[in-house]
Amino acid sequence: MAVHAQPKLDARKLRGDFPILEQQIHGKPLAYLDSAVSAQKPRQVLDALRDFYETSYGNVHRGVYTLSERATEGYEGARQKIATFVNAPSPREIVFTRNATESINLVAYAWGLPTLGAGDLVVVTELEHHSNFVPWQYIAKRTGAGFRTIRLTDAGELDLDCLEEIATEGQVKVVAANYVSNALGTVNPVERLSAWAHEQGAIMVVDAAQAAPHRRVDVQALGCDFLAFSAHKMCGPTSVGALWGRHELLAKMEPFNLGGHMIRSVGLEDTTWGDVPAKFEAGTQPIAEAVGFGAAVDYLEEVGLEAIEQHEHELVAYALERMAEVPGITQYGPLPENRAGIVSFNLDGVHPHDVSQILDYEGVAIRAGHHCCQPLMKRLGVAATNRASFYLYTIPEEIDRLVDGLHKARKVFG
Amino acid sequence: MAVHAQPKLDARKLRGDFPILEQQIHGKPLAYLDSAVSAQKPRQVLDALRDFYETSYGNVHRGVYTLSERATEGYEGARQKIATFVNAPSPREIVFTRNATESINLVAYAWGLPTLGAGDLVVVTELEHHSNFVPWQYIAKRTGAGFRTIRLTDAGELDLDCLEEIATEGQVKVVAANYVSNALGTVNPVERLSAWAHEQGAIMVVDAAQAAPHRRVDVQALGCDFLAFSAHKMCGPTSVGALWGRHELLAKMEPFNLGGHMIRSVGLEDTTWGDVPAKFEAGTQPIAEAVGFGAAVDYLEEVGLEAIEQHEHELVAYALERMAEVPGITQYGPLPENRAGIVSFNLDGVHPHDVSQILDYEGVAIRAGHHCCQPLMKRLGVAATNRASFYLYTIPEEIDRLVDGLHKARKVFG
Amino acid sequence: MNEFDQMYREVILDHYRNPRGHGAMDDPDAEAEGMNPLCGDEVTIFVSLAEDGETIDDVKFSGRGCAISQAATSMLTEMVKGRSAIDVATLPKEELLEEIGIPLTPIRLKCALLGLGVLKVALHRAKGTPLPEEWAGLDDEFQVR
Amino acid sequence: MNEFDQMYREVILDHYRNPRGHGAMDDPDAEAEGMNPLCGDEVTIFVSLAEDGETIDDVKFSGRGCAISQAATSMLTEMVKGRSAIDVATLPKEELLEEIGIPLTPIRLKCALLGLGVLKVALHRAKGTPLPEEWAGLDDEFQVR
Ligand SMILES: Cc1ncc(COP(=O)(O)O)c(C=O)c1O
Ligand SMILES: Cc1ncc(COP(=O)(O)O)c(C=O)c1O
């Protein structure tokens with residue numbers, strides 16, 4: 001991965017863009033270390049949203065009047081920005097959805113339901129978020145296809161040695177994997193999985209929910225067929241996400257949600273579908289949210305994806321080192337070299353809920369739970385972990401405060 | 001100015017809440033007469049959105065820290081407001097969706113796919129928006145169920161005389177109808193349809209996308225089983241809608257989208273679903289949008305639904321009367337007594353696109369097209385109509401300007 | 001001239017009121033029918049070629065629609081008569097738009113290009129050649145039959 | 001006392017470190033097992049009744065979880081011993097919450113009520129009575145087995 005000679009990002013300066021970070025929690029400055037679950041929003045995105053509603057709001061694609069044209073420009077302009085962001089060959093390959101979860105369900109329902117059957121295999125990984133696990137498990141069950149998982153090594157990385165065996169058990173039709181694990185921060189070898197999927201005659205579905213906010217994602221370089229991500233994890237609004245898909249696949253697929261806008265013509269007997277991407281965008285679109293998504297992508301590009309990746313890499317290396325000082329800590333996941341800005345750990349004798357609660361009293365927000373990764377939790381042999389995750393506005397002092405809080409938790413429960 | 005009754009709502013004052021209405025289009029003040037497609041947003045809603053993002057944003061239900069708790073309160077508080085708004089017996093009967101279209105698809109997929117089969121009938125009306133027509137047609141086709149439409153009288157009202165005949169043609173399993181037609185403004189006899197549906201042993205699905213913004217909707221009085229609506233048509237943000245459903249039906253249903261949050265436990269072999277409504281809210285929810293939706297409902301309640309209905313009734317009566325003066329006009333739809341604030345018409349010799357374009361040059365925004373009602377357009381024997389639609393911020397002068405614009409269009413094309 | 005007068009300038013209204021080349025054709029050398037899904041506007045185009053099988057001898061169209069779509073198609077028939085089919089099949093849309101000479105928003109652009117799109121599909125079909133890259137998907141978009 | 005000291009006050013930590021009634025029971029008169037789906041915390045509760053078939057003679061629990069859920073369950077076992085089963089089956093949750101005596105956010109409330117929920121389900125099952133309205137769906141929520 002070529003990191004360009006790009007200026008390092010100035011997290012301290014960028015924090016000024018995030019109004020929410022200015023507050024105190026329980027009398028301490030807020031240290032928001034839960035960006036993997038959702039990122040905070042810069043003024044630039046909030047301004048774009050508000051400005052759109054105050055000057056240009058209307059429905060898109062339908063009205064022959066000025067507001068509707070402005071809204072259409074805003075919405076389609078955002079589609080173009082997002083296409084460029086992931087290096088999609090064409091903006092019509094970008095479908096706006098509610099979130100990464102819906103993007104994946106769209107593929108599972110519209111591609112999977114009519115395509116899969118007995119003898120076919122659906123392959124996911126043990127490291128998946130439920131959103132890239134449960135839809136495939138469900139659709140496999142409904143269609144009679146088999147369901148297999150790529151297992152993990154003890155280092156928390158995919159064990160590709162099991163691929164050969166999986167291939168003997170049926171016709172692999174779809175491989176679904178995340179690019180970056182939300183629970184461990186593992187960066188997965190998506191290019192290799194794509195190549196393997198294609199050798200099997202399968203499609204490759206990439207869950208980029210944790211990758212798109214934090215590193216350069218290039219759908220052409222990854223060689224995948226579908227890629228899903230959410231705006232809210234990348235400084236954008238809630239309730240909008242995107243699915244990128246190869247045009248030839250999208251064009252052949254059945255629709256998913258049905259209704260206004262996605263049709264060409266509706267008759268009592270027969271209804272025909274509109275073109276891609278309209279075919280997949282039934283009903284009133286996430287208009288303002290897409291505009292906000294576009295503004296978020298502008299913001300990330302301005303900061304620089306390479307700079308963000310580098311910044312988080314430094315933070316995670318620092319965090320792993322500092323946290324290792326805490327007695328009774330167990331850390332999960334790979335070495336910093338192959339890892340995004342996420343640390344997952346447990347503290348001996350202190351339940352994650354209590355860790356997280358004690359940290360909240362220190363103004364430090366981290367997450368406790370199964371992180372929507374119950375198969376992984378089973379693999380690790382734990383019910384839950386603590387997780388701290390970083391973003392472009394995270395500063396090392398926040399990691400120091402996290403470590404101080406862990407010491408305090410140990411003292412309380414000592 | 002010819003509004004007859006003493007207005008209970010001061011539209012002129014309310015306009016001050018809507019920043020977008022302060023602008024000029026082609027040098028003329030904006031007259032936004034396309035609220036049926038989407039309503040504009042008051043400052044109160046935009047402030048609530050911004051304030052939420054700036055002070056309380058976090059993911060809901062999962063974090064054991066302050067921001068997440070605040071966000072959860074905001075999100076669940078909105079659910080409570082919306083439940084109260086439609087008089088739902090319990091807030092857990094409210095599912096947040098992207099829009100009315102998705103609410104209907106949820107029922108069609110999760111209830112319809114596993115329930116319907118050959119010999120069953122799905123009944124919709126000729127007056128439906130595509131969003132309450134195409135999902136049912138599609139699911140009927142996939143399951144082998146029959147698909148029937150309740151036809152219209154020449155006055156643009158449902159012809160309930162055909163119900164008896166329909167009932168002889170199979171086992172009616174679902175009746176889906178809109179409460180208020182977006183194309184004609186017809187107010188449909190939903191209570192009677194609910195009663196009939198239940199006599200048949202069918203469920204009743206109400207598309208309230210055009211009703212909820214404009215009149216008091218009471219799910220218990222309507223006697224229906226599901227009710228769908230969208231925030232963006234009721235002064236709320238885009239990308240959030242709601243489905244109300246009876247708990248016993250929701251509890252028995254399969255899920256729709258699958259992924260994070262909607263599960264109870266995920267295993268390699270077996271996955272179990274969460275409770276209602278979590279079961280239907282996969283992935284990160286429309287968090288900020290729900291909060292905005294709640295603020296919109298507060299705004300509407302403050303103005304008063306009865307006052308809104310009365311205001312629009314006066315406007316539509318005035319519009320029908322004034323527009324009848326225009327030579328060569330054909331008006332569609334029922335008498336004002338049974339009609340919401342929507343007028344649909346054609347001007348002899350002038351295509352709707354041209355009418356709409358000419359009006360845009362006068363600052364008047366109306367809609368031209370099939371209004372996502374192609375079956376109705378076929379019934380009316382036209383390809384498209386012009387439609388003007390009113391809301392709480394509409395004033396009679398805007399109708400005067402519409403009429404002036406129609407005279408101008410006639411002159412241009414005379 | 002303000003924008004309004006430009007869009008509904010006299011020449012557009014004249015073509016709309018008195019469309020040139022309006023009508024049908026028996027036994028055309030090329031023919032196609034399409035619609036603009038947004039508004040349901042329909043256009044059918046008929047082409048007859050000269051003896052050389054290359055020169056466009058006559059073009060006729062029928063249909064219904066807004067002033068822009070009907071006037072643009074009417075202007076188109078005048079523009080292409082006497083030109084070679086291959087020329088017209090690869091005609092840049094800018095040439096027609098210049099002739100129409102009015103400012104068009106993206107939505108009205110579709111109206112203006114309906115006739116040209118249908119004509120291109122008709123010619124490429126008759127020749128058995130694929131649509132140029134820029135127009136790919138057009139037959140789909142205008143539901144050309 | 002600030003909020004922090006309240007939530008982790010000594011009595012809570014003491015019940016967490018030294019849970020009363022911790023353990024299993026052979027041949028209990030009522031038994032149920034549940035979990036908090038949010039965090040995977042698990043609690044199994046065993047009840048033995050006195051000769052009269054009504055009075056709670058002994059309660060034991062096993063499980064794992066956060067300080068709040070474990071301490072609350074421990075306190076609960078002390079609270080209910082010697083009371084009548086019917087009383088406990090309809091015990092208002094406020095009584096337990098008062099005993100716990102710390103401010104609880106909605107999420108921590110679930111932790112605090114896990115043990116009580118499981119106990120109620122166990123008792124109602126043993127008696128064959130339905131759960132009271134206020135607790136309906138509880139068995140579902142805590143996945144009680
Ligand atoms: C009657 C009716 N039903 C359904 C819809 C669909 O609403 P949405 O596009 O918000 O899903 C609309 C709005 O276009 C409508 O007017
Ligand atoms: C790896 C991964 N995949 C998928 C998702 C689901 O994203 P969303 O909830 O925005 O649909 C998440 C976020 O929780 C994630 O971290």
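Excluded from the calculations below are hydrogen atoms, water molecules and symmetry mates; all remaining heavy atoms, backbone and side chain alike, are included.
With a 4.5 Å cut-off on side-chain heavy atoms, B/Val64 and A/Asp360 do not count as touching. Within the 4.5 Å cutoff, the side chain of B/Phe96 has no heavy atoms near those of the A/Arg98 side chain. Counting only heavy atoms from C-beta outward, the side chains of B/Glu102 and A/Thr284 never approach each other to under 4.5 Å. Annotation: side chain of B/Leu49 is in contact with side chain of A/Tyr53 (closest heavy-atom distance under 4.5 Å). Residues A/Glu54 and B/Gln40 have side chains not in contact (no heavy-atom distance under 4.5 Å, counting atoms from C-beta outward). Looking at heavy atoms from C-beta onward, A/Ser68 lies out of side-chain contact with B/Arg367 at the 4.5 angstrom threshold. Proximity of A/Arg142 to B/Leu113: side-chain heavy atoms (C-beta onward) are separated by under 4.5 Å at one or more points.
Using a 4.5 Å cut-off between heavy atoms, B/Gln285 contacts chain A through its backbone alone, with no side-chain atom that close. Looking at B/Ala39, only its backbone comes within 4.5 Å of chain A, counting heavy atoms on both sides. There is no contact between B/Ser230 and chain A, counting heavy-atom distances below 4.5 Å. The contact between B/Ile263 and chain A is made entirely by side chain atoms (from C-beta outward), counting heavy-atom distances below 4.5 Å. Looking at B/Phe147, only its side chain comes within 4.5 Å of chain A, counting heavy atoms on both sides. For B/Asp207, no part lies near chain A; criterion is any non-hydrogen pair under 4.5 Å. In this structure, the portions of B/Asp270 lying under 4.5 Å from any heavy atom of chain A include both its backbone and its side chain. Both the backbone and the side chain of B/Asn257 come within contact range of chain A, judged by heavy atoms closer than 4.5 Å. Only the backbone of B/Ser56 has a heavy atom closer than 4.5 Å to any heavy atom of chain A. Proximity to chain A (any heavy atom under 4.5 Å) is shown, for B/Arg379, by neither the backbone nor the side chain. Heavy atoms closer than 4.5 Å to chain A are found nowhere in B/Pro352, neither backbone nor side chain. With a 4.5 angstrom heavy-atom cutoff, B/Ile366 touches chain A only via backbone atoms.
When each of B/Met377, B/Lys233, B/Glu269 is scored by its heavy-atom pairs under 4.5 Å with chain A, the top score falls to B/Glu269. In terms of non-hydrogen atom pairs under 4.5 Å with chain A, the most contact-rich of B/Glu22, B/His129, B/Glu128, B/Glu254 is B/Glu254. Residue with the most contacts toward chain A among B/Leu46, B/Asn59, B/Val45, B/Leu67: B/Leu46 (heavy-atom pairs, distance under 4.5 Å). Ranked by heavy-atom pairs under 4.5 Å with chain B, the list A/Asp34, A/Ile139, A/Thr149 is led by A/Asp34. Note: B/Gly267 leads B/Cys373, B/Gly267, B/Gly363 in heavy-atom pairs under 4.5 Å with chain A. With chain B as the partner, the residue from A/His371, A/His130, A/Gln357 showing the most heavy-atom pairs under 4.5 Å is A/His130.
A/Thr66 places no side-chain N or O within donor-acceptor distance of the main-chain N or O of B/Ile25, the cut-off being under 3.5 Å. In this structure a side-chain-to-backbone donor-acceptor pair under 3.5 Å is missing from B/Thr101 to A/Ala282. Panel note: side chain B/Lys378, backbone A/Val266; a donor-acceptor pair is recorded below 3.5 Å.
When each of A/Trp136, A/Phe133, A/Tyr109 is checked for a side-chain contact (heavy atoms from CB on, under 4.5 Å) with B/Leu258, only A/Tyr109 meets the rule.
Minimum heavy-atom separation, A/Gln137 to B/Thr271: OE1-OG1, 2.6 Å. Listed here is the closest heavy atom pair of A/Ser131 and B/Gly260: OG-N, 3.0 Å.
Among residues two or more places apart in sequence or in another chain, the salt bridge (Lys or Arg N to Asp or Glu O under 4.0 Å) test is passed with B/Glu281 by B/Arg79. With sequence neighbours excluded, no residue satisfies ring-ring contact (aromatic ring centres under 6.0 Å, His included) with A/Tyr65.
Between A/Phe256 and B/Tyr138, the distance from one ring center to the other does not fall under 6.0 angstrom.
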